[in-house]
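Along the sequence shown, the residues carry numbers beginning at 1.
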Amino acid sequence: MAGGALGGIHVITTQIPVPFISATKQTFKKVPAIRCAANTPNKQYTIAVLPGDGVGNEVIPVAVDALRLAGSLEGIDLRFEELPIGGVALDLVGVPLPEETLTKAKKSDAVLLGAVGWPKWDNNPKHLKPITALLQLRAGLQVFSNLRPITVFPQLVDSTYLRKETAEGVDLMIIRELTGGIYNAHPRGFTTNEQGDEVGFCTESYSASEVDHIARVAFDIAKKRRGKLCSVDKATVLEGSMVWRKRVTAMALEYPEVEVSHLLIDTAAMDLVRHPRQFDTILTGVMFGDILSDLAAMIPGSVGLLPSAALGDSGPGIFEPVHGSAPKHYGKDTVNPLAAVLSAAMLFRYGLKEEDAAKRIEIAVSDVLDRGFRTRDIHTPGTTLVGCKRMGEEIMKSLDARVSASHRSLV
């Protein structure tokens, strides 16, 4: 074993000595070549597949199938390599992020991640918790911007937790900074105060360069969307937020085509529920973004609909459904794979810059919803209740059906 540090997190690395049980029915030691293209493949990419724990092992195979078929229809040769992370890796080699997983993830073109975490490991020390693997993976791949789109499908407007007229037409993007702020800054830890009480402490800190880094991403995305950017902070109280607002305000001068507003986190949370259509692109820090994106899951009706992407300046990004490992639902074939499938679409769009393949997947998802198929979390009267596997099968049918044989275009 070797020791090291990633982003302030102590890392113990080890080689994986044996194969592990594959969620996607692929061999760990050998990278399979997937060649089922309608035409001869002219592009090749390697995807690191990390199903992780719990329902990650149910939804990620569906996403892999969607990637494989959509890619083949666009003449793209995708090679998948499945690797352990989280609790699976703890059981296999005793650490949440094996050295081999990180090394091969770095060499890939994109990372497809399921979920990490399980009650079995909840009482482990921090460096041996499954969630630590996610923080280490982000640090190792140097990703810093987290993109979380929130879209209300017209077919699912009856599934929302809000009034129908409030949720209709919502289409917003939350851009969350990942590497700074209270989740990552130092000093942090535990101590004892003068009264003998145990104290846990963290540091809420943002530097000007950290804010500029993520703000430019947000401005560039807002410019390509509807030209509205709302920056969320707590500048009335937190010094880190004061720097945040100052830097975002300064950068706005470089983007005259983008309308910029600022909201405090409490007001933003209230408005996100009361009037979500006012938002286009939301920029915020690591903790506020974590809270707002989960809150926003209630707008479309389920966390099982929310994809995400974690991107850096270069190198592979991480694409994962926002939901967790869901111990209560694992093994019951009831979970919704659409968040994972839509994460696959984001992988094509932001990770590989393959827009046509991304659109194929999104059109297929919309087609499945048009045909009335619903998992339990979005089921409403008059629609067909299906499980994760059946939903995956219907997505594949839609991907196959929405190709013009004569023109090879979406129909």
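- Within 6.0 Å of CZ on Phe201 lie more than 12 heavy atoms contributed by other residues, nucleotides or ligands.
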Using side-chain contact (heavy atoms from CB on, under 4.5 Å), reason through Ile282 and Ile150 one step at a time and then give a plain yes or no.
CA-CA 11 Å; Ile282 295 175; Ile150 309 294; over 6 Å; no

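- Within the 3.5 Å criterion, the main-chain N or O of Thr151 finds no donor-acceptor partner in the side chain of Asp171.
- A donor-acceptor pair is defined here as one N or O able to donate and one able to accept, closer than 3.5 Å; such a pair exists between the side chain of Asp53 and the backbone of Gly117.
- Atom CD1 of Ile182 and atom CG of Leu238 lie 8.0 Å apart (nearest 0.5 Å).
- At distances below 3.5 Å, at least one donor-acceptor pair connects side-chain atoms of Arg277 with backbone N or O atoms of Glu168.
- Atom CE of residue Met173 and atom CZ of residue Arg225 lie 5.5 Å apart, to the nearest 0.5 angstrom.
- When atom types are taken as modelled, the side chain of Lys129 and the backbone of Asp122 share a donor-acceptor pair closer than 3.5 angstrom.
- Taking 4.5 Å as the limit, some side-chain heavy atom of Leu69 sits within range of a side-chain heavy atom of Met396.
- Between the side chain of Thr249 and the backbone N or O of Arg245, at least one donor-acceptor pair lies under 3.5 Å.
- Around CD of Gln142, the count of heavy atoms belonging to other residues, nucleotides or ligands within 6.0 Å does not exceed 12.
- The pair Asp400-Lys397 fails the salt-bridge criterion, with no side-chain N (NZ, NE, NH1 or NH2) lying under 4.0 Å from an Asp/Glu carboxylate O.
- To the nearest 0.5 angstrom, Ile47 atom CD1 is 8.0 Å from Leu112 atom CG.
- Of the possible polar contacts, one joining the Glu177 side chain to the Thr179 backbone as a donor-acceptor pair under 3.5 Å is found.
- In this structure a side-chain-to-backbone donor-acceptor pair under 3.5 Å is present from Gln155 to Ser366.
- Using a 4.5 Å cut-off on side-chain heavy atoms (C-beta onward), Ile265 and Leu292 make contact.
- A 4.5 Å side-chain heavy-atom check between Glu204 and Lys234 finds every atom pair outside the cut-off.
- The shortest non-hydrogen separation linking Gly372 to Thr383 is O-CB, 3.4 Å.
- Aromatic ring orientation, Tyr255 versus Phe219: parallel (interplanar angle below 30°, classes split at 30° and 60°).
- Between the side chains of Arg148 and Ser293, a donor-acceptor pair is found at a separation under 3.5 Å.
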side-chain contact (heavy atoms from CB on, under 4.5 Å) for Arg349 and Lys359? Distances and angles first, verdict last.
CA-CA 8 Å; Arg349 174 170 292 119; Lys359 286 180 178 177; 4.1 Å; yes

Go through it in stages, so that I can follow the logic: the residues are Thr160 and Val170, the test is side-chain contact (heavy atoms from CB on, under 4.5 Å), and I'd like the CA-CA distance, side-chain angles, deciding distance and then a yes or no.
CA-CA 11 Å; Thr160 179; Val170 169; over 6 Å; no

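- The closest side-chain donor-acceptor pair between Glu259 and Ser261, if any, does not fall under 3.5 angstrom.
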Pair Asp367-Arg371, salt bridge (charged side-chain N to carboxylate O under 4.0 Å, His left out): steps then yes or no:
CA-CA 6 Å; Asp367 184 63; Arg371 293 190 287 121; 3.3 Å; yes

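- Salt bridge status for Lys43 with Glu354: present, with a side-chain N to carboxylate O gap under 4.0 Å.
- The only option from Val335, Val55, Asp377 that meets the side-chain contact (heavy atoms from CB on, under 4.5 Å) definition with His323 turns out to be Val55.
- At a threshold of 4.0 Å, the pair Arg390-Glu394 counts as salt-bridged, since one of the basic side-chain nitrogens sits closer than that to a carboxylate oxygen.
- Here the shortest heavy-atom pairing between Pro84 and Leu92 reads CG-CD2, 4.0 Å.
- Counting only heavy atoms from C-beta outward, the side chains of Arg138 and Leu135 approach each other to under 4.5 Å.
- Using the six-membered ring where Trp is involved, Phe144 and His213 have ring planes that are parallel, under 30° apart on the 30 and 60° scheme.
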Criterion side-chain contact (heavy atoms from CB on, under 4.5 Å) on Leu338 and Val368, from CA distance to verdict:
CA-CA 10 Å; Leu338 293 186; Val368 167; 5.7 Å; no

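- Atom CG of Leu78 is separated from atom OG1 of Thr46 by 9.0 Å, given to the nearest 0.5 angstrom.
- Using a 4.0 Å cut-off between a side-chain N of Lys or Arg and a carboxylate O of Asp or Glu, Arg68 and Asp65 qualify as a salt bridge.
- Residue Pro96 comes nearest to Ala89 through the heavy atom pair O-CB, 3.6 Å, listed as atom of the first residue, atom of the second, then distance.
- Scanning all heavy atoms of the two residues, the minimum distance from Leu229 to Leu283 falls at CD1-CB, 3.8 Å.
- The distance from atom CD1 of Ile395 to atom CG of Leu369, rounded to the nearest 0.5 Å, is 8.5 Å.
- Taken from CG in Leu264 to OG1 in Thr236, the straight-line distance is 4.5 Å, to the nearest 0.5 Å.
- Looking at Asp91 and Lys120, their side chains come closer than 4.5 Å, going by heavy atoms from C-beta outward.
- Across every non-hydrogen atom of Ala63 and Ala340, the tightest pair is CB-O, 3.6 Å.
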Full working for salt bridge (charged side-chain N to carboxylate O under 4.0 Å, His left out) between Asp271 and Arg274:
CA-CA 5 Å; Asp271 283 357; Arg274 184 176 58 182; 2.4 Å; yes

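- Although no hydrogens or angles enter the test, the distance criterion places a donor-acceptor pair under 3.5 Å between the side chain of Thr203 and the main chain of Pro187.
- Salt-bridge formation is not detected for the pair Glu81/Lys107: no Lys NZ or Arg NE/NH1/NH2 atom is positioned less than 4.0 Å from an Asp or Glu carboxylate oxygen.
- Side-chain contact between Ile214 and Trp244 is present, with at least one heavy-atom pair separated by less than 4.5 Å.
- Between Lys224 and Asp220 there is no salt bridge, since no side-chain nitrogen of the basic residue lies less than 4.0 Å from a carboxylate oxygen of the acidic one.
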Residues Ser241, Asp233; criterion side chain to side chain donor-acceptor pair (under 3.5 Å); working and verdict:
CA-CA 5 Å; Ser241 280; Asp233 56 42; 5.0 Å; no

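- In this structure, Thr132 contributes its side chain and Lys126 its backbone to a donor-acceptor pair below 3.5 Å.
- Under the 3.5 Å distance criterion, the side-chain polar atoms of Ser325 are left unmatched by any main-chain donor or acceptor of Gly54.
- Pro276 and Leu162 get closest at one heavy-atom pair: CG-CD1, 4.2 Å.
- Salt bridge annotation for Lys228-Asp280: absent, with no cationic side-chain nitrogen under 4.0 angstrom from a carboxylate oxygen.
- Contact of the Thr281 side chain with the Val258 side chain is not registered, since no non-hydrogen atoms from C-beta on lie closer than 4.5 Å.
- Residues Met346 and Pro149 have side chains in contact (heavy-atom distance under 4.5 Å, counting atoms from C-beta outward).
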